[in-house]
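Since we're looking at a predicted model, the values are computed, not measured. We use all heavy atoms of the structure for the numbers below, so side chains are in, but hydrogens, waters and symmetry mates are not.
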Amino acid sequence: MPPQTRRTSFPKVVIDRDTDSEESSSDEDEIDEEDDVVGEEEVTEPKADEEEGEEEQEKSVTKKKTPITISLKKVCKVCKRTGHEAGFKGATYIDCPMKPCFLCKMPGHTTMTCPHRVATEYGVVPAPRRNTHSSLDYVFQRQLRPHIPKMKPEFVIPDQVNCAVIRYHSRRVTCLEFHPTNDNILLSGDKKGQLGVWDFCKVYEKTVYSEIHGCILNNMKLNPRNDGTVYTGSSDGTACCVDLETGISLSLMNLNPNGWQGPSTWRMIYGLDINLDKGVVLVADNFGYLYTVDMRSNNVTGKPILIHKKGSKVVGLHCNPLQPDLLLSCGNDHFARIWDMRQLETGSSLVDLPHKRVVNSAYFSPLTGSKILTTSQDNRIRVWDSIFGSLDSPSREIVHSHDFNRHLTAFRAEWDPKDQSESLVVIGRYISENYNGAALHPIDFIDISTGQLVAEIMDPNITTISPVNKLHPRDDILASGSSRSLFIWRPKEKHEIEKPIDERKIVLCGKAEKKGKRKFGDESDCGSDDDGFTTKGKPVKSKQPYLDSTSKSKSKSKSKSKSSKKP
DNA sequence: ATGTCATGACCCC
DNA sequence: TGGGGTCCCTGACA
């Protein structure tokens, strides 16, 4: 195969500004003919000549007028070949046939015909049994959870955006957490480092702390013992303990005490989790190191331990909910690893779980802690049914579109913490589906015991991708972060929605109302300031409808800027 | 309507 | 091993 054809090597035609542009649109055959001619030239002429010729031409033309250089070949934007074009045709994306399937990454077919698109569970190894693998496992689970229902209850899917929509972040949302005790409080972090505290039942009750971190808030965890504090980790290299009421933050560590010395030395904090039993906050950086912070003294204890490939990002940390000695980590070195907290040292991992790409997240199951769920950038969700069994290979690999895109927050499959069977998982979908002419990116609920797509939820007003999703620990509520917006989903039956979603009128604040066509995800005229809005169909518990609420929202929002440190 | 930009993994040399 | 080039469904703003 010849070297990769580049855009610069394509035939270019310099057209004088006086050339009538309408001529070119008159006939496509003409273009094709020209294509062929130029194509031959490209083959026959030595490259140097071609370049010289171009240069000469350009020189001569620039003396008179600025030339317009256009490429006449209609090429596929993906593979740069002719004969086909990739991209959106209306709301349907046409794949480049020269590339492997965008969904399952296998060659020979496109996303449109991918068997995984037709049936999500295609190729998934079914679970041998629903909940347990052996009688021993079953006894173990019954001991841990005596109230396991005999029958697996129906999944309840929060499938309607009927509570609230808000946008107070000035950059895209990176993480979400529900308050451990207050059912209506959602915490959100963004790429700018802002921390939002939002009472989504009183839509305008929100607080944004903007001075805690200087850039991306990668992860946060609320302290279940002291529900007024949240631990945050950021790409500014600091981890903080933040008081939710006051916004006062206490810096636990700063990995860049000497400031900016260039990208090769700048440390960023990604993984973060709390281990209550040990009274520590665990934090990991982009160089592969794990740090331990004592929760009482708020000081780093011990030395940093290399837990992933040196120089690679440790994306996530998760402590086992039942067995405090177990830690799960995942990173850019394509591994998820299980560690024994009692003997944490480089290379001492109990298990290494290999992946084909970066592992965006790795979580123990929320109730028994005996399953593992990982999301990898190879478009696969992996499930290990029992950490007590063989971990040589995942119990299931579920193909699901959640590719890497540098402009999106990484997708993470999240457990439903309420699901006793520990099989319901939520994750946003990257590729779109054509829903009545609109390209929408649903949020998927997947039964990881079978690989089946239980539900795909979407709203015609949400046209952006929703990579960040969190299910409520107690209520049937889903919070999702899509671009800069936050959405609260509830099950349809819980809130009497009479009208179909697209008939609901969205009442917005101030000048936005004039536009009329504004949608949830639309951001025009909506700066970083307070622009809360929601649907008219269900004003939730808010005291007043949201008519002309600019002033109200401003008065209600308290944009505090208290901080103890600056990056 | 269209262009621009932010910016992370990966691949290749 | 490192730096530079590349990149398929982005999203906001000019």
Quick check with a 6.0 Å cut-off and a 45 degree axis cone: is A:Lys313 positioned over the face of A:Tyr270's six-membered ring?
yes
Using a cut-off of less than 4.0 Å, is there contact between a side-chain N or O of A:Arg484 and OP1 or OP2 of C:dC13?
yes
Looking for any heavy atom pair under 4.0 Å, which part of the strands does A:Phe88 touch: base, sugar-phosphate only, or nothing?
base
Whole Å only: how far is the CZ atom of A:Phe102 from the P atom of C:dC7?
14 Å
Hey, where on DNA chain B does chain A first and last touch, going 5' to 3'? Cut-off is any atom under 4.0 Å from a heavy atom.
B:dA6 to B:dC11
From A:Glu456 CD over to A:Phe445 CZ, what is the distance, rounded to the nearest 0.5 angstrom?
11.5 Å
So, taking the atom named SG in A:Cys101 and the one named NE2 in A:His109, what distance separates them when rounded to the nearest 0.5 Å?
3.5 Å
Can you check the A:Ile431 CD1 to C:dC9 C1' distance for me, whole Å?
8 Å
Kindly state each residue pair satisfying side-chain hydrogen bond (donor to acceptor under 3.5 Å, both in side chains) with at least one member in residues 372-382 of chain A, sequence neighbours excluded.
A:His355-A:Thr374, A:Asn360-A:Gln377, A:Ser361-A:Thr375, A:Ser376-A:Asp378, A:Asp378-A:Arg382, A:Asn379-A:Asp403, A:Arg382-A:Glu397
Applying side-chain hydrogen bond (donor to acceptor under 3.5 Å, both in side chains) to A:Tyr122 and not counting sequence neighbours gives none
I want to verify a distance call: between C:dC8, C:dT10, C:dG11, whose nearest atom is closest to the A:Tyr430 side chain?
C:dT10
May I ask you to say what A:Lys191 touches in the nucleic acid, namely base, sugar-phosphate or nothing, with a heavy-atom cut-off under 4.0 Å?
sugar-phosphate
Students often get this wrong, so: under 4.0 angstrom with heavy atoms, is A:Lys89 touching a base, only sugar-phosphate, or nothing?
nothing
Whether A:Arg171 side chain and A:Ile216 backbone form a donor-acceptor pair below 3.5 Å:
no
So what does A:Pro100 hit on the nucleic acid, given a heavy-atom distance under 4.0 Å: a base, only sugar-phosphate, or nothing?
base
Of residues 400-411 of chain A, the positions that come close to DNA chain C - non-hydrogen atoms, cut-off under 4.0 Å:
A:Asn405, A:Arg406, A:His407, A:Leu408
Please state the C1' separation for the pair C:dC9 and B:dC11 - nearest whole angstrom.
22 Å
Using a heavy-atom cut-off of 4.0 Å across all strands, would you classify A:Ile465 as base, sugar-phosphate, or nothing?
sugar-phosphate
Applying side-chain contact (heavy atoms from CB on, under 4.5 Å), name anything that partners A:Glu414, two or more places apart in sequence or on another chain.
A:Tyr363, A:Arg412, A:Val426, A:Lys470
For A:Leu103, is there any backbone N or O sitting under 3.5 Å from a side-chain donor or acceptor partner on A:Ser401?
no
With sequence neighbours excluded, residues passing salt bridge (charged side-chain N to carboxylate O under 4.0 Å, His left out) with A:Glu345
none
Atom-pair distance (CG on A:Leu440; C1' on C:dT10), nearest Å
15 Å
Could you check how far CD of A:Glu85 sits from P of C:dC9, rounded to whole Å?
15 Å
Strictly below 4.0 Å: does A:Thr111 bring a side-chain N or O up to OP1 or OP2 of C:dC9?
no
Under 4.0 angstrom, heavy atoms only, what part of the nucleic acid is A:Arg172 near: base, sugar-phosphate, or nothing?
nothing
